[in-house]
Amino acid sequence: MKIRLGTMFGDIIRSLFRRPATQLYPYERRPTPERLRGNLVWDPSKCTGCQLCIKDCPSDAIELIVLDKVAKKFVLRYHQDRCTYCAQCVVNCRFKCLNMDDQTWELASVNKEPFTVYYGKDEDVAFLLEKMARDNAGESGCPE
Amino acid sequence: MDTSTALEKAAAILQPWALATATPEPNRLDVVIERGSLIPAVKALVKARWGFFSALTGLDQPPSGDGEPVREGCVEVLYHFCSAAAVVTLRVSVPYSDAKIDSICEVIPSATLYERELIEMFGVECTGTPNTERLLLSDDWPEGVYPLRKSFTGFQQAEGQEANHGSAA
Amino acid sequence: MNNLTVHPLIGLLLFPGGLFLLASGLLYEWIDRKLVARFQNRVGPRFIQPLADLVKLLAKEEISPEGVNKPLFFILPVVALAAALTAALYVPMAGFVPAGSFRGDLIITLYLLSVLTLCLGLAGANTISRFAIIGATRTLTQLFSYEAPFLLALLGPAIAAASWQITDVDFYAQQHLWMAVTQPIGFLVALVGLMGKLELPPFDSPEAETEIVAGAMTEYSGRGYALFRLGKNIELVIGLTLVATFYLGGLANPVQFLIKTLGLLVVLAALQSLFARLRIDQTVGLWWRVGALLALAQLLVLFLLR
Amino acid sequence: MEAQRKFIVPIGPQHPALKEPGHFQFSVEGEIVTGATVRLGYVHRGIEKGAEARNWTQNLYLFERICGICSHVHATALALGAERLAGVEAPPRAQAIRTLMSELERIHSHMLWLGVAAHEGGFETLFMYSWRDREIVMDLLESLSGNRVNYSVNLIGGVKFDVTEKHHDEILKGIEILEERTKHYLKVVTTDRTFLARTRGVGLMTLQQAELFGAVGPTARASGVARDVRIDAPYEAYPQFPVRLVTDDGGDLLARFKVRTRELFESYRLIREILNHMPPGELTTRVPRRIPAGETISRVEAPRGELFYFIKSNGSEKPERIKVRTPSLCNWASVTQVAIGHKLADMPMILSGIDPCFSCNDRMVTINRGSSSQVWTWEELRRYGIEYYRQR
């Protein structure tokens, strides 16, 4: 094979007259692919509380808090910062109540709080948060 | 050479040292050998140019003490040789109390990395491996704590357990 | 052409020394980086980036490593920059008549330009960092390899003009056909020699980051590093000016200066992006076996034709 | 006396030539390397130990994270092993999709390597261009699986998603552009004078050496060793879509470049074939949660060479022991031996010549050390980090 100098000459000249391949990310956004595995979303109406999703989660990112088993009152506590976005829970769910959103994927924050997300019917979540607040207050007041 | 003839050939080569042989899967041959016959067995394989040394696995078998006759804890060291689809495994068992095995580096020099991993993870001393400095664990990892033994279950407990273990042995 | 009435010393601070050189050095660095980026189909930095880098570095803490000769460690970058700035005095910067000019100033300029490299080598050898020492050895090895061919290549036009004075050569070049045409080999050697001098790829083995981190400058940080970088940028401008003066028909006015030096810079950037890095032994071999011989052959032709 | 006069150049654990932490010490005389040692473990994460505390499905994701580049093959090796132990086989369509992903991953890995190796050789332009074109395959992977890395294709007993008509066309189109570009790069690496000066005759490993050191993958094939698990012991859909062996007798870096780029063409051909003859059918089959007790060996061909899994199940939901032997570990030995006698400037090229993957090797958790001479425990470091950011 012939040995030559500057085999990439054509490339570099062409690229002078071409748009750079770089994407200026925050200003320039490409549409996300359909199958993008972004944030987990949960539809409480279909859930039976079987906990199959939790069993196989590789990173303990989801917890199902049972408020009332008979009335199917559940709250899903989802830790975005632990989630590995593998979608195993979506596969495991037999009632199709879990899904991964393809739009919300920019997950940056300076502290950890926004990463704990509660899903559920509004009144259930409110009830749970209130209960937790009460418990916390009780705990801190109690021991000393 | 298809897989079964390769395995037959390997079985013939290893015949003099084999304590027991098994064929767990069609493409595999497990040969249990004594500690002392490891080097001759490996030498025979290399001399016959049977495959290449592919991996070294340590398997921890903790002591079982409930009910059955008490079995001493041991580490099973598995030397895997591959030739096309055929895999031959030499199985050598070394007890905790005398966790020593001869290094096969004189026959296969590249085995030293695997051996060092075995030393660090299972605490099996490979006599004769050229370099025994830490390869994978950090320099300040405590001596005598072998993370891949079943008795290691995390750091705080491990030290306690290791101490217990020492007193028991 | 230059009939300003300010005090010469103050004038010197603005032009050709001081401010003008700093600004043009940064500008040329940006153009170089941008061009290389465009050749590689990237976006490249914004024009403010070299200045931002400089300001950032100047504002950073300067750490002097253990085991160095402290005064030397701090003085070397200053000497390097000063040498580069001084060299600008004898070169027709921006197409104006040089601030100072005397017989034989070509030699002085060339050696002032080499002082920067020498300082770099010393700076590397001064520290006990292994990367810096290897970088220093390589820097000096490279210095010895390209210096002779580069000098020989610049001698060609000087001989043609029968003068060691840069202004004379400039004047001669303006009157005659471009010497890049009449002495093509010399031009090539000078251009590539300039790349070696500036340690641009493919001659960047003295600071090959994948081998020896940053070479001689590994231990430098903050102000010292900023001064070295600035020195290099200025050397880039001066080198380009020198080659343009000698080989591209002289520099009669600022417009010519801009067009010619920028044209050279485009070629330089293209060459930078075309090749893989040469090992130091290959660099030396290339210069002595090819570069020096070519330059000598060029001189021989010149002598024969006179 | 001799030993004291040795001049040792450390490369790593933090070094621009290494994109991952590993520590090499090269003793040099002038520019010539006279000895080399290696120290690994800077990215140990305790995966082999961690596997014993997780169930099979969870392990699939854990093992996928052994390597960020060849993540798919790790999960595949585990899934294949678990399926074999359970006595089931994934449906043909699932096998074909796994193979398709493996080959796409190989393309992405080889392109990445081409760029990195060019960068080590100071050929920035080739680096930039090959990585630009690598984006095509990354986009394909993303549109297929939803992720650029860690695709999570596998389930135990099948795959998660199907390849639709739309993907079919997309992939074919992408492959076409890539093939064109790869031809160009093959020309560049085999004809460019400056680049050849850095690769030809450098890092020479003979056939005998390669066999002795037990080198695997493209590194071994570049020395003429005919060793490829896809051919020797076909798995997944490779029996239906056979691969042609690519070898070269050169044994030097140039040969490694050639072998890897030629393998790319083989991957393109394979992908086209798979897409055109995609078997229909189900994507998953049922596998019990408890995998029957037993031992198995699962070997697959990762982009870097043979990946070896020894899997032992004790009949519970969790594996008893999973041993991973990554291809890089096999090839380390060759580096430390081959390095001797070369110039320091060639070290990064030789190192990257085997396409090392540090995180593949390191799977053990350790206590972190601070940068100063003072040794810090992980807790201290964590506390320091938290306090540092609180003050800001």
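Chain identifiers are assigned alphabetically (A, B, ...) following the order of the sequence lines, protein sequences preceding nucleic acid strands; residue numbering begins at 1 within each chain.
Between the CZ atom of D/Phe308 and the NE2 atom of B/His80 there is a distance of 4.0 Å, given to the nearest 0.5 Å. Taking OG1 of B/Thr57 as the start and OH of D/Tyr309 as the end, the distance is 12.5 Å to the nearest 0.5 Å. If you take OG on B/Ser54 and CZ on D/Arg227, they are separated by 8.5 Å, rounding to the nearest 0.5 Å.
For D/Val216, the part sitting under 4.5 Å from any heavy atom of chain B is the side chain, from C-beta outward, and nothing else. For B/Leu56, the part lying near chain D is the backbone, with the side chain staying farther off; criterion is any non-hydrogen pair under 4.5 Å. Contacts between D/Glu320 and chain B at a heavy-atom distance below 4.5 Å involve backbone atoms as well as side-chain atoms.
D/Glu295 and B/Arg91 are joined by a salt bridge, as a carboxylate oxygen and a charged side-chain nitrogen come within less than 4.0 angstrom of each other. Taking a cutoff of 4.0 Å between a charged side-chain nitrogen and a carboxylate oxygen, B/Glu117 and D/Lys323 qualify as a salt bridge.
Every ring pair (Phe, Tyr, Trp, His ring centres under 6.0 Å) that B/Phe53 has, sequence neighbours left out, goes to B/Phe81, B/Tyr114. When the side-chain hydrogen bond (donor to acceptor under 3.5 Å, both in side chains) test is applied to B/Glu115, the partners found at least two apart in sequence or on another chain are B/Ser103, B/Thr129.
Within the 4.5 Å cutoff, no side-chain heavy atoms of B/Phe52 are placed close to those of D/Val225. At least one side-chain heavy atom of D/Arg84 sits under 4.5 Å from a side-chain heavy atom of B/Glu25. Residues D/Ile297 and B/Asn27 form no side-chain contact, since every pair of their non-hydrogen atoms from C-beta on lies 4.5 Å or further apart.
Considering all non-hydrogen atoms of both residues, D/Asp232 and B/Ala85 come closest at O-CB, 3.5 Å. Between B/Leu59 and D/Arg321, the closest heavy-atom pair is CD2-CG, 3.5 Å. Residues D/Arg299 and B/Ala86 share a closest heavy-atom pair of NH1-O, 4.3 Å.
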